[in-house]
Protein chains: 2
Amino acid sequence: MVRKKRDTSAKRESILDAAIDAFIEFGFEKTSMDLIAERANSSKRTVYNHFSNKELLIEEAFNRFLRGAFESKNIEYDPGKSIEEQLSDFADTKMTLTEDSRQLGLMRVTLCAFITHPQMAERAVLFSDSQEDGLVKWLKEATLDGRLKVDNPELAAESFWSLFAGTFFWPPIIRGPVEREKGEEFKAEFIQLFLARYGSE
Amino acid sequence: MVRKKRDTSAKRESILDAAIDAFIEFGFEKTSMDLIAERANSSKRTVYNHFSNKELLIEEAFNRFLRGAFESKNIEYDPGKSIEEQLSDFADTKMTLTEDSRQLGLMRVTLCAFITHPQMAERAVLFSDSQEDGLVKWLKEATLDGRLKVDNPELAAESFWSLFAGTFFWPPIIRGPVEREKGEEFKAEFIQLFLARYGSE
DNA sequence: TACTTTAAATTACACTGGTTAGTGTAAGAT
DNA sequence: ATCTTACACTAACCAGTGTAATTTAAAGTA
C-alpha cells in the first residue's frame, strides 16, 4: 500500500483567514459557511473537508488569538535602564496589540465567544495566568535590586494590568483605538501613579 | 367617540423580562421570538404587538441596562468622613452591580451587542460620560478641602475607574463574581495606590 | 351594586419567504 | 490516489404577517 499525501495547508490557511475576516466583519453567528467558502475562493465542500463544522473554525480562530496575544515579548528586568523607561517600553509593546485593527477585531470576536462559550474563557484564563508571571518576576527582581518596594508582587501586577487595560485594552475593544496624544498622557500618568506607591524613593 | 385604553404594561413587562432572560441564557441571535413568547406565557402575535421587531427588544434591554447601571447613587463629598472610607463605600456601591447574576448577565449581553452594533456603544459612552462626572466633582471638592492633591481630576478619575474595573467589572463579566476575600484585599490595595499619588500627606 | 355593552387586547394557528448547516455525488484537477 | 469543485438537495429554523375567534376590562345602564 502506497500512501500519497499532499500538502493542503495553504488551502486550510486561506479558509481560516477568510473565516476570521468574516467573523470580524459580521460576527460568528451571522457568518455563513457559504460566505466563508466564497471569500476563500474555495468550495463549501472543501471548507467542510478541512473543518467539519462551524464550531471548529471559531476554535481555531481562538487559538490563533491566544498565540498572537501572548507571543509579543514579555518584560525583562534590565538594571541598566530606568524603571519608568522599562515600564513605558513594556506598555508600548502591549499596546501594539490593540493598534492593529485585525488583531482588535479578532479580540472582539473572541470576547463575544468567551461570553457565550464560558468553557473557552476558562482555557484563556488558564493560559493567561501562566503567561502573566512575567511582570510578577520583573517586580520581584526590581525589588531585590532596591529599585521598587513591592510587598505583594501579584497584587501590584494586577494593579498595573488594571491601569493599563482600563485605557489601552477595554476602551479600544468597545470604541476603537486610543488617540496617540491621549494615550501618551495617560501612560505617563499611570506609571507615575504606580511608582507613587511602589517606587523606592 | 369614547376611547377605551387598557393598561397593558404588565404584559409588556413580562415579555421584556422573558426576552432578557432568554438573551442572557442563549444570546441575542440564538433566541427566537417563539421562545420569548412561550416563556412570557404569551402568543407570538402579542410579542409583535408590543415590540414590532426583535431589534426593539434588545434596544429596550439595553435601556434597562443603562438605567440599572447608573441609578445607583453617585459619590458625594462628605467632609465628615475619611477619604478612604468614602472611596471604599463608593466602590462597594458600584460593586453590587456585578454581584447580581441577572445584572451581570445583562451586562454580558449588552457588551456583545455593543461589539456587534457600534452605534449602541456610542449612546452608552455618551451616557456614561455624562454620569461619570460625579467622581470628577468629588475629586475637585476633596482637593479644595485640602484632603487630596489632584491636578487633573479627569485623569485621576480615569485611573480610579481603571483600578476598580480591572478587578470588579471585567473579570466578573468574563469569569464570574469575585470572591469576597480577594475583593476586599484588592479594594484596600487599590485605594492605597490611589492615595499614594493623590493623597495630600 | 350588578349587569350589559363594546372596543381593545390577546390568542391560536396557519402561512410566507428566506436563510443556513451540513451531506452526497460525480466529474475534474494535481 | 488524493484533493477539489460544482451543484443539487435536505431538514430545520426563524422573522414576521394575516385573520378570525376569544378574552378582558372600562364605560354606560338600570
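When reading the values below, keep in mind they use all heavy atoms of this one structure, side chains included, and skip hydrogens, waters and symmetry mates. Quick caveat, the model's predicted, so the values are computed rather than measured. Within every chain, numbering begins at 1; the chains are lettered A, B, ... in the order of the sequence lines, protein sequences first and strands thereafter.
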Given [N], is OP1 or OP2 found less than 4.0 Å from the side-chain N or O atoms of [X]?
X     : N      : answer
B/H50 : C/dA9  : no
A/T46 : D/dT5  : yes
B/S52 : D/dG16 : no

Is [X] touching bases, backbone alone, or none of the nucleic acid, heavy atoms closer than 4.0 Å?
X     : result
A/D7  : nothing
B/S32 : sugar-phosphate
B/N53 : sugar-phosphate

Between atom [atom1] in [X] and atom [atom2] in [N], what is the gap in whole Å?
X     : N      : atom1 : atom2 : value
A/E38 : C/dT20 : CD    : C1'   : 15 Å
B/I15 : C/dT10 : CD1   : C1'   : 10 Å
A/Y48 : C/dG24 : OH    : C1'   : 14 Å
A/L56 : C/dA21 : CG    : P     : 14 Å
B/I36 : D/dG16 : CD1   : C1'   : 13 Å
B/K30 : D/dC13 : NZ    : C1'   : 12 Å

Problem set entry | Side-chain donor/acceptor contact of B/R6 with base of C/dA8 under 3.5 Å |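 Yes, a donor-acceptor pair under 3.5 Å.
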Exercise. Does any N or O donor sit under 3.5 Å from an N or O acceptor when you compare the side chain of A/K54 with the base of C/dG22?
Worked result: no
For this session: Measure from NZ or CZ of B/K94 to the centre of the six-membered ring of B/F164, then state whether that distance is under 6.0 Å and the direction lies within 45° of the axis.
Result: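 B/K94 over B/F164 ring: no.
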For this session: Please determine if A/K54 forms a cation-pi arrangement with A/F28, meaning its NZ or CZ atom is less than 6.0 Å from the six-membered ring centre and no more than 45° off the ring axis.
Result: yes
Exercise. Taking the side chain of B/R45 as heavy atoms from C-beta outward, which of C/dT11, C/dA9, D/dT4 is closest to it?
Worked result: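 Looking only at heavy atoms from C-beta outward on B/R45, the closest nucleotide is C/dT11.
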Exercise. To the side chain of A/K44, which of D/dT4, D/dG16, C/dG22 is closest?
Worked result: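 So the side chain of A/K44 is nearest to C/dG22.
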Problem set entry | Axial bend angle, the helix from C/dT1-D/dA30 to C/dT30-D/dA1: five-pair end segments, nearest 10° | 20°
